[in-house]
K.L.:
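Got a structure here, written out as structure tokens. Questions coming.
Ligands are counted one by one from 1 in listed order, and the atoms in each one are counted from 1 as well. Excluded from the calculations below are hydrogen atoms, water molecules and symmetry mates; all remaining heavy atoms, backbone and side chain alike, are included.
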Amino acid sequence: MTAVEIFVPGQAQPDNASLPDLDCKDNIDAMVYGFYQRMLEDPEMAAVFFDVAGIDLNAHLPLICQYWHKMLLGDRTYQRHMMEKHRALDDKIPLTGVHHERWLGHFMANLDGRFAGPNTDRAKRLAARVIDNLYRQLSMRR
Ligand code: HEM
């Protein structure tokens, strides 16, 4: 914000008003692909996904899209147990606070300046809540 712009509480900033919200599958898919592109450019995170979990992106990304369709649109296609997946992953490599912070940092940075609106705000809250829950659940097993 420049010095001459006036902040009015509750009023959307002009920049954000023109951004798409995460209110349809296409936008959510674009968000997920952008998020993973960013996250997998981070060597520490890429190592977890490729070297430890050995994921096939072609199989994994559609599942992540479905997960967010469920969280944000109520779509019922995603029926898997994601916590189980992370517990199994944590058995192979302990997921530390650094992994959790980086995951959330990449998630938030991917939204900034690209998406805005009520569903984008919900996605931010959900991601923060799930990562907190995940961290607590995984930490309790140690
Ligand atoms: C420390 C942070 C995280 C790391 C390093 C991480 C990493 C991974 C990896 C490597 C997989 C693939 C597991 C496998 O198929 O063997 C996976 C799956 C998944 N992750 Fe995460 N994850 C993290 C946090 C999160 C969070 C916070 C969410 C949701 C908000 C999430 C959602 C999912 C979902 C939906 C799957 C797919 C599970 C399935 O195959 O159905 N992850 N994650």
K.L.:
Rounded at 0.5 Å granularity, tell me how far CH2 in Trp68 sits from CG in Asp29.
P.N.:
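Trp68 atom CH2 to Asp29 atom CG measures 13.0 Å (nearest 0.5 Å).
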K.L.:
Please assess Tyr36 against His60 for the test side chain to side chain donor-acceptor pair (under 3.5 Å), listing each intermediate value before the final yes or no.
P.N.:
CA-CA 11 Å; Tyr36 267 73; His60 180 72; 2.7 Å; yes
K.L.:
Could you list the atoms of ligand 1 found under 4.0 angstrom from a heavy atom of Arg80?
P.N.:
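Here the atoms of ligand 1 in question are 39 (C), 40 (O), 41 (O).
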K.L.:
Provide the number and element of each atom of ligand 1 under 4.0 Å from a heavy atom of Ile55.
P.N.:
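Within the 4.0 Å cut-off of Ile55, ligand 1 contributes 12 (C).
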K.L.:
For atom CZ of Arg76, decide whether the heavy atoms of other residues, nucleotides or ligands shown that lie under 6.0 angstrom number more than 12.
P.N.:
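Open.
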K.L.:
Less than 4.5 Å apart, side chain to side chain, heavy atoms only: is that true for Asn27 and Asp21?
P.N.:
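Result no, sub-4.5 Å side-chain heavy-atom pair not found.
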K.L.:
Quick check on contacts: which atoms of ligand 1 are under 4.0 angstrom from a heavy atom of Tyr67?
P.N.:
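Contacts of ligand 1 toward Tyr67, numbered from 1: 29 (C), 30 (C), 35 (C).
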K.L.:
So which of Lys70, His99, His81 gets nearest to atom 1 (C) of ligand 1, if we judge by its closest heavy atom?
P.N.:
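Selected option, by shortest heavy-atom distance: His99.
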K.L.:
Find the distance between CG (Leu40) and CE (Met45) and round it off to the nearest 0.5 Å.
P.N.:
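Output value for this atom pair is 8.5 Å.
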K.L.:
Which residue holds the protein heavy atom closest to atom 15 (O) of ligand 1, what is that atom called, and what is the gap in Å?
P.N.:
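Minimum-distance protein heavy atom for atom 15 (O) of ligand 1 reads Lys85 CD, 4.1 Å.
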K.L.:
I need the atoms of ligand 1 closer than 4.0 Å to a non-hydrogen atom of Leu134, numbered in the order shown.
P.N.:
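Contacts of ligand 1 toward Leu134, numbered from 1: 24 (C), 25 (C).
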K.L.:
So which heavy atom in the protein is nearest atom 34 (C) of ligand 1, and how far is it from that ligand atom?
P.N.:
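Its nearest protein heavy-atom neighbour is Ile64 CD1, 3.3 Å.
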K.L.:
Measure the distance from atom 16 (O) of ligand 1 to every protein heavy atom, then report the residue, atom name and distance (to 0.1 Å) of the closest one.
P.N.:
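Nearest neighbour among protein heavy atoms for atom 16 (O) of ligand 1, to 0.1 Å: Ala53 CB, 4.1 Å.
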K.L.:
Check each of His60, His106, His100, Met82 against atom 18 (C) of ligand 1 and report the one with the nearest heavy atom.
P.N.:
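The nearest heavy atom belongs to His60.
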K.L.:
So for atom CD, which belongs to Gln137, do other residues, nucleotides or ligands contribute more than 12 heavy atoms lying within a distance under 6.0 Å?
P.N.:
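Atom CD in Gln137 is packed in, count exceeds 12.
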K.L.:
Any heavy atom of Tyr78 closer to ligand 1 than 4.0 angstrom?
P.N.:
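Checking ligand 1 against Tyr78, which is what was asked, there is a heavy-atom contact under 4.0 Å.
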K.L.:
Which bit of Val52 gets closer than 4.0 Å to ligand 1, counting heavy atoms only: side chain, backbone, both or neither?
P.N.:
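Within the 4.0 Å criterion, Val52 makes no contact with ligand 1.
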K.L.:
Quick one: does Trp68 get an N or O within less than 3.5 Å of an N or O on ligand 1?
P.N.:
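It does not: no N or O of Trp68 is found under 3.5 Å from an N or O of ligand 1.
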K.L.:
Looking only at N, O or S atoms, find the one in His86 nearest to atom 21 (Fe) of ligand 1 and name it.
P.N.:
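The nearest such atom is NE2.
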K.L.:
Please test Arg114 against Asn110 for side chain to side chain donor-acceptor pair (under 3.5 Å), starting from the C-alpha separation and ending with a verdict.
P.N.:
CA-CA 7 Å; Arg114 283 192 71 203; Asn110 178 53; 2.8 Å; yes
K.L.:
Going by heavy-atom distance to atom 23 (C) of ligand 1, choose the closest among Trp103, Phe49, Phe107.
P.N.:
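Result: the heavy atom closest to atom 23 (C) of ligand 1 is in Trp103.
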K.L.:
Any side-chain heavy atom of Leu63 within less than 4.5 Å of one from Met82?
P.N.:
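A side-chain contact is absent here, since even the closest heavy-atom pair is not under 4.5 Å.
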K.L.:
Against heavy atoms of Leu63, which atoms of ligand 1 measure under 4.0 Å?
P.N.:
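Ligand 1 atoms under the 4.0 Å threshold to Leu63: 40 (O).
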K.L.:
Is any side-chain N of the basic residue among Glu41 and Arg38 closer than 4.0 Å to the acidic one's carboxylate O?
P.N.:
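Result for this pair is no, no salt bridge flagged.
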K.L.:
As an exercise, state the distance from CH2 of Trp103 to CE of Met39, rounded to the nearest 0.5 Å.
P.N.:
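CE of Met39 is found 7.0 Å from CH2 of Trp103.
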